[in-house]
Protein chains: 2
Amino acid sequence: MLDGTHADADHPHIRVDDLGLLRGDGVFETVLVVDGQPRELGPHLDRLARSAAMLNLPAPDLAAWERVSRQVIDSWTDSGEFALKLVYTRGPEFGDGSTTAFALGMAIGPRTFTHREAGVAALTLDRGFDPSIVERAPWLLLGAKTLSYALNMAALRYAEAHGADEAIFIASDGSVLEGPTATIVLVEGDTMRTTPPTIGILPGTTQAALFRAAERSGWTTKTEPIHRDELENAEGLFLVSSVRKITRVHTLDGVELPDSVKLHTELSALYESEYP
Amino acid sequence: MLDGTHADADHPHIRVDDLGLLRGDGVFETVLVVDGQPRELGPHLDRLARSAAMLNLPAPDLAAWERVSRQVIDSWTDSGEFALKLVYTRGPEFGDGSTTAFALGMAIGPRTFTHREAGVAALTLDRGFDPSIVERAPWLLLGAKTLSYALNMAALRYAEAHGADEAIFIASDGSVLEGPTATIVLVEGDTMRTTPPTIGILPGTTQAALFRAAERSGWTTKTEPIHRDELENAEGLFLVSSVRKITRVHTLDGVELPDSVKLHTELSALYESEYP
């Protein structure tokens, strides 16, 4: 818990009237921890604060979040990687008005490791909004990382029920948005591209780390609108996030994409070079 | 809890890794209970089952839900009205695979009673999707009553921050959708109209009860698309839901609507006539 209380995740700690539960009214972050080191903790905390502001939650005490993150990391006894989840909700509806805030260590499932190695098949799915709405309609919370992820989970289930592993959301004007839990990165020649947060998506922490490393190595990076039709013709299409790192898309809407195994190795090495 | 365990809402009963909390991955219903009688419990349970199916949750055991509802109602000691919340989530991510299911009694705040009496000011807010998406994109879960209500709560906060009490969502083609937690009912002459669930909204249980009573009393009822422009000119515009009952909209986007106090009395009497 953010107050420093250490708790066992096998026991209940959340009230039934917590608005995070009853209304999905809260925000979260998922941080990758490798060998006791959290990756991009600063950018994750910045994004937590940005999401919280979009939901009119009290500004998070980032020093306290850093402390509780360190506490969970220090208590994690298994070796290797795990996911550090930061959860911040509006708190119980009938409580004393205080928010709910905790950090949680979670094991990474074998499926994620398989996908990192073997790549994934993805389906493009219509996300149903036009990017022009984003600025006009802040109540839609587009670009906030909220606990209201039922739609994202449904999209992943839909993809899996239709022979794919992952989904890529497309806006109603054909713009590429993001995956349900990942940022899109496209490679053509010596250029890496991703889509801009202004179209209603999350700014990617792992994508930012990758681009940082890429720029240092002489790549050109672009953050600009990408049209759906460009996905099929790219030399490499990748889903990027903290826990999945750089995951290659080998099949899109049932069609095999150009072989990007070497590119995947190259991008992965770039990304890992950020964490010597 | 659905298994019959009686629990105190002041103590925690939910695990931090419950997917209802971490992902808003679950469904709910809110049932009005008046003098120990739940209103429209059958239709609420049917809708719970429909929402669960849209989220690929196991079909709820409706007999067990009825039992647990009765249990909460029988334990409620305060007199008058209260809200019975039914919550059904995918359960803990690292649990034994079982879902989380509970019924919860909740007091109705004074604000709701004030709004029932005095009416509300509402803002129309763009919901950002076109109704044609609904059938094509089941992963958007439009029309499912999920725990992912952050957007609905943000819309209400936006309305309150801009001098109103309530919001009415409008689709990108100008179709009237619903309120964040209510169905829209429009009155013109002897006709009551509401918007069809096929455009991506919840079928209203209270609206259905009102229409039943209205039809018995000789009203014409229509479930059909309504355009935003029709709202301003209606004799009566109402927000209808279990807990708010029939609430009159007296002001829309800052403009005072025709006086519908008498109409409100008439509709309220019709609705109450369903529960003799």
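Residue numbers begin at 1 in each chain, while the letters A, B, ... track the order of the sequences.
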- Message: Shorter than 4.5 Å, heavy atoms on both sides: which option in B:A161, B:G128, B:A159 has the most such pairs with chain A?
- Response: B:G128

- Item | Side chain / backbone / both / neither for A:R127 at chain B, heavy atoms under 4.5 Å | both

- Query: Pick from A:L55, A:I133, A:L140: which one has the most heavy-atom pairs with chain B under 4.5 Å?
  - Reply: A:L140

- Message: For B:S148 versus A:Y149, what's the shortest heavy-atom pair and its separation?
- Response: OG-N, 3.3 Å

- Bottom line for B:A9: the part with an atom under 4.5 Å from chain A's heavy atoms is both

- Task: Sort A:T146 into side chain, backbone, both or neither according to what part of it lies under 4.5 angstrom from a heavy atom of chain B.
- Result: side chain

- Query: So how far is it from A:M106 CE to B:L22 CG, rounded to the nearest 0.5 Å?
  - Reply: 5.0 Å

- Query: From A:I14 CD1 over to B:T100 OG1, what is the distance, rounded to the nearest 0.5 angstrom?
  - Reply: 12.0 Å

- Step by step, would you call B:M1 with A:V16 a side chain to side chain contact (heavy atoms under 4.5 Å, CB included)? CA-CA 10 Å; B:M1 301 296 159; A:V16 288; 4.2 Å; yes

- Query: Roughly how far, to the nearest 0.5 Å, is CG of A:L21 from CZ of B:F28?
  - Reply: 11.0 Å

- Query: Given that the side chain runs from C-beta out, which part of A:S132 has a heavy atom under 4.5 Å from chain B: side chain, backbone, both or neither?
  - Reply: neither

- The single option from A:L123, A:L156, A:L125, A:N152 that satisfies side-chain contact (heavy atoms from CB on, under 4.5 Å) with B:W139 is A:L125

- Query: What part of A:F129 gets closer than 4.5 Å to chain B, counting heavy atoms only: side chain, backbone, both or neither?
  - Reply: both

- Message: Report which part of B:H11 has an atom under 4.5 Å of a heavy atom belonging to chain A: side chain, backbone, both, or neither.
- Response: backbone

- Message: Which heavy atom of B:G24 sits nearest to which heavy atom of A:A150, and what is that distance?
- Response: O-CB, 3.3 Å

- Message: So, taking the atom named CG in B:D130 and the one named OG in A:S172, what distance separates them when rounded to the nearest 0.5 Å?
- Response: 8.0 Å

- chain A contacts, top residue of B:T89, B:L19, B:D10, B:L142 (heavy-atom pairs, under 4.5 Å): B:D10

- Going through the checks in order, is the side chain to side chain contact (heavy atoms under 4.5 Å, CB included) test met by B:T181 and A:R23? CA-CA 11 Å; B:T181 65; A:R23 300 296 197 180; 4.3 Å; yes

- A:L104, part contacting chain B, at a heavy-atom distance under 4.5 Å: side chain

- Item | Approximate separation, where rounding is to 0.5 Å, of A:E93 CD and B:K85 NZ | 6.0 Å

- So which part of B:D126 gets closer than 4.5 Å to some heavy atom of chain A, the side chain, the backbone, both or neither? both

- In this structure, CG of A:D25 is separated from CG of B:L147 (nearest 0.5 Å) by 12.0 Å

- Check each atom of A:V87 against the heavy atoms of chain B and say whether the ones under 4.5 Å are side chain, backbone, both or neither. side chain

- Message: At a 4.5 Å cut-off on heavy atoms, which part of A:A155 comes close to chain B: side chain, backbone, both, or neither?
- Response: both

- Tell me, for A:P92 versus chain B, whether the close heavy atoms (under 4.5 Å) come from the side chain, the backbone, both or neither. neither

